[in-house]
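Down below is the structure, laid out as structure tokens.
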Amino acid sequence: MDLHILEHRLRVTSLSKAGLERYTHGLIKLVFLRDKTRCKFFSLTEMPDDYTLVLDEEGFKELPQTDYLQVAEATWLALNVVSNGHSSTSSQTIGVTKIAKSVIAPLAQHNVSVFLLSTYQTDFILVRESDLPAVVHTLSEEFSIFKEENGESVSVDCNNVTNGFIKPKTAASPTVHPVLSPKNQFCVMSLDPDTLPTIATILMDVMFYSASLKALPADQDLDYIRFFSFSLIDGYISIVVDTQTQKRFPSNLLLTSASSELWRMVRIGGQPLGFDECGIVAQISEPLANADISAYYISTFNFDHALVPEEDIDNVITMLHRRQNGER
């Protein structure tokens, strides 16, 4: 398998809903007027209290800098696993679990924090730009590593990248965070970008005018959670919505996997997670991979989210609760 380091230099931000009106112009431009910007990587995920925006430097310029916008200090790079010339999840079969053991787990063991974004088409593993030598050192035995430069894939000279690199200490055992499972069902879909204007009014209403719900205490399950994710990355669109929201869109325009599978969510973290902690993604994705359970994984500024097939949700929750209690 090959590991590609994409050209995008990314910023991870959190936009408070209280300041949304100051950002609607820029967001509409990034979503619907992509020819008016040079942004190639844009992702918006809505939670009850905020939006997580992941976007490249050109897209970041479209956002006014106010107190409503929190920006993670690091600049991030996106990694993509390619097998036989295709992205790791292009077959839409087992999602992020396919890369759990080969990428996510080794990085966690070597104290490298990751931010994961699964889309309909593929999985993007975001790492801090400053961690690139550690990433290359850790994964070079397993992967042929390439870096995109001006649209071309160039082989990475691992010796040059890791020159002078000091192997980090093995990470301590990560905190096992509580998990919550809301009851709503989700769909993972795509859309032909040329048809985006057709659903512009509906999409703007869903993105900007949804009724938000206050988060319940961390020890309670959520009956319903407001969660919506839209990504426009290198010309490909990915949408994650609950089934109630899906009904608002014309069904003939939305692309789903052949199984049209429904997904349930596992939210990781009772309190907001930090960017410095390692192993959060691994502690969820590894057990799912071992059990051969499909999953999409979406990190946000404060929490992480795994989407698993509806028929597997009870087994997943039982498995993760056992892990939380130190059982095998």
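For the numbers below, each heavy atom of this structure counts, side chains included, while hydrogens, waters and symmetry mates do not. Heads up: numbering here begins at 1 and tracks the sequence. Owing to the predicted nature of the structure, the values given are computational and were not obtained by experimental measurement.
Y236 places no side-chain N or O within 3.5 Å of a backbone atom of T122 that could act as its donor or acceptor partner. Under the 3.5 Å distance criterion, the side-chain polar atoms of S181 are matched with a main-chain donor or acceptor of M265. Between the side chain of K147 and the main chain of L6, no donor-acceptor pair closer than 3.5 Å is present. Panel note: side chain T245, backbone V241; no donor-acceptor pair is recorded below 3.5 Å. Judged purely by atom type and a 3.5 angstrom limit, S190 uses its side chain to pair as donor or acceptor with the backbone of I237. Panel note: side chain H110, backbone P106; a donor-acceptor pair is recorded below 3.5 Å. The backbone N or O of A74 lies less than 3.5 Å from no partner atom in the side chain of E129, so there is not a single donor-acceptor pair. A donor-acceptor pair is defined here as one N or O able to donate and one able to accept, closer than 3.5 Å; such a pair exists between the side chain of S299 and the backbone of L116. Looking only at distances, no side-chain donor or acceptor of T195 sits under 3.5 Å from a matching main-chain atom of T198. Side-chain N or O atoms of E141 include none that pairs as donor or acceptor with a backbone N or O of L139 at under 3.5 Å.
Contact of the L63 side chain with the L53 side chain is registered, since non-hydrogen atoms from C-beta on lie closer than 4.5 Å. Contact annotation: the side chain of V114 never approaches that of L126 to less than 4.5 Å [non-hydrogen atoms, C-beta and beyond]. Counting heavy atoms from C-beta outward, Q70 and F301 have side chains that approach closer than 4.5 Å. Within the 4.5 Å cutoff, no side-chain heavy atoms of F60 are placed close to those of L10. With a 4.5 Å cut-off on side-chain heavy atoms, T119 and I233 count as touching. By the 4.5 Å heavy-atom criterion applied to side chains, I280 and H177 are counted as neighbours. Here the side chains of V103 and V81 are in contact, with some heavy-atom distance below 4.5 Å. Residues V135 and L77 form no side-chain contact, since every pair of their non-hydrogen atoms from C-beta on lies 4.5 Å or further apart.
Taking a 6.0 Å sphere around CD of Q65, one finds it holds more than 12 heavy atoms contributed by other residues, nucleotides or ligands. Surrounding CG of N150 are at most 12 heavy atoms belonging to other residues, nucleotides or ligands under 6.0 Å away.
Across every non-hydrogen atom of L253 and L191, the tightest pair is O-CD1, 3.2 Å. Between A295 and L288, the shortest heavy-atom contact is CB-CD1, 3.7 Å. Nearest approach of T52 to F115, heavy atoms of both residues: CG2-CZ, 4.3 Å. Summarising the geometry of F143 relative to S102, their closest heavy-atom pair is CE1-O, 3.4 Å, with the distance given to 0.1 Å. When every heavy atom of P182 is checked against every heavy atom of I225, the shortest pair comes out as CG-CG2, 3.3 Å. Of all non-hydrogen atoms in A306 and I268, the two that sit nearest each other are N-CD1, 4.0 Å.
Between atom CZ of residue F230 and atom CG of residue L44 there is a gap of 8.5 Å, rounded to the nearest 0.5 Å. In this structure, the separation between CG on L196 and CG on L203 is 6.5 Å, given to the nearest 0.5 Å. Atom CD1 of I5 sits about 9.5 Å away from atom CD of E149, to the nearest 0.5 Å. In this structure, OG on S144 lies 5.0 Å from CG on D2, to the nearest 0.5 angstrom. One finds the CE atom of M1 at 12.0 Å from the CD1 atom of I145 (value rounded to the nearest 0.5 Å). Note that the CZ atom of R128 and the OG1 atom of T75 stand 11.0 Å from one another [nearest 0.5 Å].
Among pairs with a residue in residues 230-247, none fulfils salt bridge (charged side-chain N to carboxylate O under 4.0 Å, His left out), at least two apart in sequence or across chains.
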Taking only distance into account, with no hydrogens and no angle test, what donor-acceptor pairs under 3.5 Å do side-chain atoms of residues 24-32 form with protein atoms, sequence neighbours excluded?
residue: T24; atom: OG1; partner: E21; partner atom: O; Å: 3.3
residue: K29; atom: NZ; partner: E62; partner atom: OE1; Å: 3.4

Cut-off 3.5 Å, no hydrogens considered: what does the side-chain donor-acceptor table look like for residues 309-319, sequence neighbours left out?
residue: E310; atom: OE1; partner: Q185; partner atom: NE2; Å: 3.3
residue: E310; atom: OE2; partner: Q185; partner atom: NE2; Å: 2.4
residue: T318; atom: OG1; partner: D314; partner atom: O; Å: 2.9

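Evaluation of the salt bridge (charged side-chain N to carboxylate O under 4.0 Å, His left out) rule for R22 yields no partner, not counting sequence neighbours. Residues satisfying the ring-ring contact (aromatic ring centres under 6.0 Å, His included) test with F146, not counting sequence neighbours, are H4. Applying the ring-ring contact (aromatic ring centres under 6.0 Å, His included) test to Y297 and every residue at least two apart in sequence or in another chain returns nothing.
Stacking of K183 on the aromatic ring of Y224 is not recorded, the 6.0 Å distance cut-off and the 45° axial limit not both being met.
Aromatic pair F124/F41: ring centres closer than 6.0 Å.
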Under the side-chain contact (heavy atoms from CB on, under 4.5 Å) criterion, do F227 and M47 qualify, and how do the steps go? CA-CA 5 Å; F227 187 91; M47 289 290 293; 3.4 Å; yes

Show your working on side-chain contact (heavy atoms from CB on, under 4.5 Å) between E46 and R226 and close with a plain yes or no. CA-CA 7 Å; E46 180 187 2; R226 174 61 192 171; 2.9 Å; yes

Please report the C-alpha distance between L262 and C187 in whole Å, then the side-chain angles of each, then the deciding distance to 0.1 Å, and finally whether the side-chain contact (heavy atoms from CB on, under 4.5 Å) criterion is met. CA-CA 6 Å; L262 294 179; C187 306; 3.8 Å; yes

Check against side-chain contact (heavy atoms from CB on, under 4.5 Å), V266 and I284: CA-CA 9 Å; V266 177; I284 303 298; 5.5 Å; no

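For the residue pair D50 and S14, a side-chain donor N or O sits within less than 3.5 Å of a side-chain acceptor on the partner. Looking only at atom types and distance, the side chain of T243 has no donor-acceptor partner in the side chain of N184 under 3.5 Å away. S238 and S231 share no donor-acceptor pair across their side chains, judged by distance under 3.5 Å alone. Under the 3.5 Å distance criterion, with hydrogens and angles disregarded, a donor-acceptor pair is assigned to the side chains of T45 and S229. With no hydrogens or angles considered, a side-chain donor-acceptor pair links T66 and Y23 at under 3.5 Å.
Note on L132 and V154: separate hydrophobic clusters, where clusters join Ile, Leu, Val, Met, Phe, Trp and Tyr whose side-chain heavy atoms are under 4.5 Å apart, directly or indirectly.
Contact check on K40 versus E58 returns no salt bridge, with no Lys/Arg side-chain nitrogen under 4.0 Å from an Asp/Glu carboxylate oxygen.
Test R11, R38, R9, H8 against E57 for side-chain hydrogen bond (donor to acceptor under 3.5 Å, both in side chains) and you get one pass: R9.
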